[in-house]
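Take a look at the structure set out below.
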Amino acid sequence: MLYLSSLEEAKNVIAALNAPMRVEILKLLYNTPGQSMDQLAKALGLTNSAVSLHVAKLAQAGLVRIDAAPGRRGSAKLVSPCFDRLVIDMAQSRREELYYQDDIRVGCFTSFGIAPTCGLATCQGIIGALDDVRAFTFPEHFEAEILWFASGYVEYLLPNHLQPGQKLERLEISFEISSECPGFNEDYPSDIHFSINGIPLGVWISPGDYGARRGYVSPSWWPSSLNQYGLLKNLIISREGTFMDGGQKLSGVTTEDLHIDYNSLITLRIEVPRDTLNCGGCTLFGEQFGDYNQAIRVKAFYT
């Protein structure tokens with residue numbers, strides 16, 4: 001999902017969509033991601049140069065991505081959509097909210113304790129060997145764009161930009177996530193637990209480990225037998241409690257309960273305990289894997 005907080009922020013996207021032919025290009029790409037410029041030109045009855053101009057406008061707005069792949073004559077440019085949903089907040093907030101935002105690569109965990117099946121990979125290849133826990137200790141793990149484990153946890157140190165006198169009001173952490181089954185299984189529930197600074201926030205049940213189609217942004221070498229994409233979820237801790245996606249309440253833990261100020265370290269733990277009812281593992285997808293082209297995104301709102 002692409003979320004734009006104002007019309008000003010959305011103006012490039014609106015301009016890119018203000019052409020019927022670009023809308024037709026997106027329709028084709030959502031039906032069949034990864035089409036070449038030649039394929040789009042033939043389907044639309046346009047010249048390659050005309051298609052290239054339209055695709056460039058869509059790419060500049062962040063709506064599509066262009067990947068190079070081996071072709072008959074050198075390399076071919078393959079076009080795929082970046083998002084399956086678009087949300088624009090049309091009305092400006094009456095009170096401008098103050099916040100900071102950081103993106104954290106899924107491989108930048110600071111602590112872990114996991115059990116196989118497990119693994120991690122960069123956009124170039126698998127790190128170490130599949131199901132070898134030692135790979136999580138290799139220096140390359142900081143570059144990982146996907147990781148998975150059957151049980152256990154990974155922990156991240158979240159940036160804290162608060163200054164003296166500023167008070168945390170709401171913390172939003174979004175990520176693409178799924179269960180972890182050997183191979184894949186779309187009906188494979190998993191109890192994924194979340195905590196901050198050792199304070200349990202609640203449990204979200206992942207429905208499955210998705211692999212019936214390829215992830216929209218996964219690299220071409222990624223094996224089709226492995227999990228392909230997850231669900232984009234937004235964990236929200238506010239003064240009213242802890243929620244998933246704003247609607248599902250996970251617990252009554254509030255930002256005040258976290259006791260975070262400008263001196264605080266903030267650790268986020270994502271865990272599947274071995275003794276939980278649905279021990280179905282966890283997969284985290286980063287910018288180069290899955291469907292959403294996003295790292296772990298942290299937004300901290302303050303007054």
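Computed from heavy atoms alone, side chains included, the values below leave out hydrogens, waters and symmetry copies. We number each residue from 1, following the sequence as shown.
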Main-chain N/O of [Y] paired to [X] side chain as donor or acceptor, under 3.5 Å:
X: Q228; Y: L226; answer: yes
X: W148; Y: C181; answer: no
X: S80; Y: G34; answer: yes
X: T137; Y: R134; answer: yes
X: Q294; Y: G286; answer: no
X: S195; Y: G198; answer: no

Considering only heavy atoms from C-beta outward, does the side chain of [X] approach that of [Y] to under 4.5 Å?
X: V79; Y: M37; answer: yes
X: I296; Y: D103; answer: no
X: N227; Y: E180; answer: yes
X: L63; Y: L17; answer: yes
X: I260; Y: N197; answer: yes
X: L28; Y: Q35; answer: yes
X: W222; Y: F289; answer: yes
X: Y229; Y: E176; answer: yes

Does the Lys NZ or Arg CZ of [X] fall within the cation-pi geometry relative to [Y] - under 6.0 Å from the ring centre and within 45° of the axis?
X: R297; Y: F175; answer: no
X: K167; Y: Y302; answer: no
X: R213; Y: Y216; answer: yes

Go through the side-chain N and O atoms of [X] and [Y] and say whether any donor and acceptor fall under 3.5 Å apart.
X: T303; Y: E169; value: yes
X: S111; Y: Y153; value: yes
X: E256; Y: T254; value: no
X: D102; Y: H161; value: yes
X: S190; Y: S179; value: no
X: Q288; Y: S218; value: no
X: S264; Y: N160; value: no

In one Ile/Leu/Val/Met/Phe/Trp/Tyr side-chain cluster, 4.5 Å: [X], [Y]:
X: L157; Y: I114; answer: no
X: L26; Y: I66; answer: yes
X: F301; Y: F243; answer: no
X: V133; Y: F142; answer: no
X: I177; Y: F184; answer: no

Pair R22 + E24, salt bridge at N-O below 4.0 Å: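 Here R22 does not pair with E24 in a salt bridge, since their nearest N and O are not under 4.0 Å apart.
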Closest approach of [X] and [Y], non-hydrogen atoms and distance?
X: G215; Y: D291; value: CA-OD1, 3.5 Å
X: Y292; Y: L231; value: CE1-C, 4.5 Å
X: F285; Y: G230; value: CE1-N, 3.5 Å
X: A144; Y: V106; value: O-CG2, 3.5 Å
X: N12; Y: A61; value: O-CB, 3.7 Å
X: L158; Y: V298; value: CD2-CG2, 3.9 Å

Whether over 12 other heavy atoms sit under 6.0 Å from K249 NZ: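 For K249, atom NZ is crowded (more than 12 foreign heavy atoms under 6.0 Å).
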Atom CG of N263 with >12 non-hydrogen neighbours under 6.0 angstrom: yes
L162 vs D261, side chain to side chain contact (heavy atoms under 4.5 Å, CB included): CA-CA, chis, key distance, verdict: CA-CA 7 Å; L162 293 175; D261 62 20; 5.7 Å; no
Interatomic spacing from [atom1] in [X] to [atom2] in [Y] - rounded to 0.5 Å:
X: I196; Y: L201; atom1: CD1; atom2: CG; answer: 5.0 Å
X: C108; Y: H141; atom1: SG; atom2: NE2; answer: 8.0 Å
X: Q163; Y: Y100; atom1: CD; atom2: OH; answer: 10.0 Å
X: N278; Y: S206; atom1: CG; atom2: OG; answer: 10.0 Å
X: L235; Y: L250; atom1: CG; atom2: CG; answer: 6.5 Å
X: E143; Y: T122; atom1: CD; atom2: OG1; answer: 8.0 Å

Test log, rule side chain to side chain contact (heavy atoms under 4.5 Å, CB included), inputs I199 and V253: CA-CA 8 Å; I199 299 173; V253 175; 4.1 Å; yes
Side chain to side chain contact (heavy atoms under 4.5 Å, CB included) assessment of F109 paired with L147: CA-CA 10 Å; F109 51 84; L147 64 82; 3.9 Å; yes
Intermediate values then yes/no, side chain to side chain donor-acceptor pair (under 3.5 Å), T276 and D191: CA-CA 7 Å; T276 193; D191 300 340; 2.9 Å; yes
Side chain to side chain contact (heavy atoms under 4.5 Å, CB included) between L171 and I236, worked out: CA-CA 6 Å; L171 192 61; I236 302 170; over 6 Å; no
F194/W204 aromatic ring centres below 6.0 Å: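 Centroid separation for F194 and W204: 6.0 Å or greater.
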Chi angles and distances behind the ring-ring contact (aromatic ring centres under 6.0 Å, His included) call for F149, F136: CA-CA 11 Å; F149 53 90; F136 282 69; 7.4 Å; no
